[in-house]
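Written below as structure tokens is the structure these notes are about.
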Amino acid sequence: MRWPSRLALTALGLLELEAQPVEQIPDDECTESGCALQALQRQGRRVADAQAWNEVMAALVPKIQKMVFEDGQLAVSKEMREAMRGTCLSSKEYVTAQAPFDDFWQCASEDNDNFGASAYCPSRRVAQRLANFTGLDLKVLEKLHLQSGNESAALYGKWCGMPAPPEYEDAYSGPVGNRAFWEDCVMRNSGYFNALKCDTNGSYAVLGIAALNHGVCYPAHRHDNQEAYWQIAGPGWWKTWPESFSDKPNMKPYSEIRVTSANDALRLHNHAGGLIHEMDTTFDDDFLLAVYWWGKPVYTTVNYAYSHGVVEQGSCFASFRREHLDAAHSCPEVARPEWATEGK
Ligand SMILES: *[C@@H]1O[C@H](CO)[C@@H](O)[C@H](O)[C@H]1NC(C)=O
Ligand SMILES: *[C@@H]1O[C@H](CO)[C@@H](O)[C@H](O)[C@H]1NC(C)=O
Ligand SMILES: *[C@@H]1O[C@H](CO)[C@@H](O)[C@H](O)[C@H]1NC(C)=O
């Protein structure tokens with residue numbers, strides 16, 4: 001609940017009883033004229049932000065549609081199409097908007113805390129490849145503000161950080177997950193933003209852009225929703241393990257591993273619900289940029305989770321964590337990249 005305002009208390013005569021100290025105006029309040037000015041500034045910013053959003057969408061959406069739909073149908077694996085129960089498969093069901101999506105359709109930062117201090121800073125190379133893919137100027141990408149639950153001017157040019165799976169206590173191996181480590185080493189260096197959304201009969205899905213800067217291990221994880229990536233730049237090091245992995249040790253984890261290039265034949269990565277998967281850009285000067293699809297059929301819960309059972313079975317996480325376990329994690333740079341200017 002909200003506390004009753006000073007005005008309401010005064011009206012009730014409750015504040016008249018003692019001498020009042022000089023009132024401090026908290027930062028989030030303002031004087032009458034100041035309020036009007038701030039409201040105008042906020043409004044001006046929203047208009048500018050909607051313009052940048054529309055400019056990015058106008059260039060990006062047709063590129064995504066061309067890549068993911070064939071004859072108006074989402075071109076993912078048959079298994080994944082079937083899992084969608086006939087929903088969110090047609091291009092007609094996917095729409096964008098005239099202004100940034102609300103938080104539910106963008107970062108879901110209310111749950112993930114991934115668009116604020118932990119937002120993703122795309123590296124210059126990632127931004128440049130996206131500019132090239134869309135035909136947009138870098139200057140437009142730097143003006144993009146997702147406004148997903150946080151309107152801070154420090155978030156221009158930043159995207160949603162990859163959400164961390166929930167931490168939990170494993171009866172045998174102890175605590176699983178490490179939020180601080182994830183924020184520093186994964187979230188701020190890999191992320192996404194959505195450009196199209198589908199909301200059909202209880203199912204929902206999004207299409208957008210995902211990326212990993214150089215030097216990121218996005219540790220092995222799983223979820224019950226469907227997911228696909230169409231790679232634009234990389235190569236990246238993609239690994240998958242079979243769903244039944246935890247029941248029978250995979251003696252040859254590397255047999256599933258696929259090093260890819262962004263050519264047509266190897267471009268599509270289908271991650272059916274339940275598949276354990278991982279993305280790794282720690283080798284050489286690697287990085288990743290992809291169009292992605294994320295689809296949750298009606299009656300399905302996401303169940304996003306770490307797959308720590310494979311950490312010692314070919315996952316990048318074992319060595320990545322070891323190498324970055326010092327106090328500063330010695331993670332890749334988290335500073336705002338120079339291509340994105342500060343505040344507007
Ligand atoms: C959604 O539900 C309506 C009403 O039951 C039905 O007519 C329509 O075909 C459904 N759409 C999809 C894509 O399943
Ligand atoms: C909003 O984002 C800014 C910039 O990253 C951050 O400093 C601030 O803490 C965020 N606010 C909230 C409420 O998360
Ligand atoms: C941008 O795209 C053009 C042609 O589409 C290509 O020749 C060029 O190498 C690309 N530049 C970068 C930095 O990827």
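In this chain, numbering begins with 1 at the start of the sequence shown. Order of appearance sets the numbers: ligands from 1, and atoms from 1 within every ligand.
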By number and element, which atoms of ligand 1 are closer than 4.0 Å to a non-hydrogen atom of [X]?
X: T87; value: 14 (O)
X: T200; value: 12 (C), 13 (C)
X: G86; value: 13 (C)

Sub-4.0 Å protein heavy atom near atom 13 (C) of ligand 1
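Within 4.0 Å: yes, protein heavy atom nearby.
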
Q) Are there protein heavy-atom neighbours of atom 7 (O) of ligand 2 below 4.0 Å? A) no

Closest non-hydrogen atoms of T282 and C217, given as atom of the first, atom of the second and distance, are CG2-N, 4.0 Å

Worksheet item: Shortest non-hydrogen contact from W159 to P122?
Response: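 What the structure gives for the nearest pair is CE2-CG, 3.5 Å.
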
Exercise. In terms of residue, atom name and distance, what is the protein heavy atom nearest to atom 2 (O) of ligand 1?
Worked result: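 Residue, atom and distance for the closest contact: N201 ND2, 2.3 Å.
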
Atom 4 (C) of ligand 2 sits nearest the protein heavy atom S152 OG, 3.5 Å

Carboxylate-amine/guanidinium contact K143 D49, below 4.0 Å
no

### Message
Could you check whether E151 pairs with R46 (Lys NZ or Arg NE/NH1/NH2 to Asp/Glu carboxylate O, under 4.0 Å)?
### Response
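Yes, this pair counts.
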
| query | N/O of G116 under 3.5 Å from N/O of ligand 2, yes or no? | reply |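 The answer is yes, given that G116 and ligand 2 share an N or O pair closer than 3.5 Å.
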
### Query
Does an N or O anywhere in D113 fall below 3.5 Å from an N or O of ligand 2?
no

Taking the six-membered ring for Trp and the full ring for Phe, Tyr or His, determine whether the centres of F69 and Y94 are under 6.0 Å apart.
->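 Yes: the rings meet the under 6.0 Å criterion.
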
| message | Are M80 and V298 linked, directly or through intermediate hydrophobic residues, by side-chain heavy-atom contacts shorter than 4.5 Å (ILVMFWY only)? | response |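 Not linked; separate clusters.
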
A student checking ligand 2 against L155 at a 4.0 Å heavy-atom cut-off should list atoms 2 (O), 5 (O)

Check your understanding: Should you measure from each heavy atom of N150, which atoms of ligand 2 turn up under 4.0 Å away?
Key ->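 In order of number, 1 (C), 2 (O), 3 (C), 8 (C), 10 (C), 11 (N), 12 (C), 14 (O).
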
Practice problem: Under 4.0 Å, heavy atoms only, figure out whether ligand 2 is touched by the backbone of A117, its side chain, both or neither. | Solution: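 Near ligand 2, A117 shows its backbone, while the atoms from C-beta on stay back.
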
Of F101, Y156, W53, the one forming a ring pair (Phe, Tyr, Trp, His ring centres under 6.0 Å) with H145 is Y156

**Asked** Any side-chain heavy-atom pair from I232 and L288 closer than 4.5 angstrom?
**Response** no

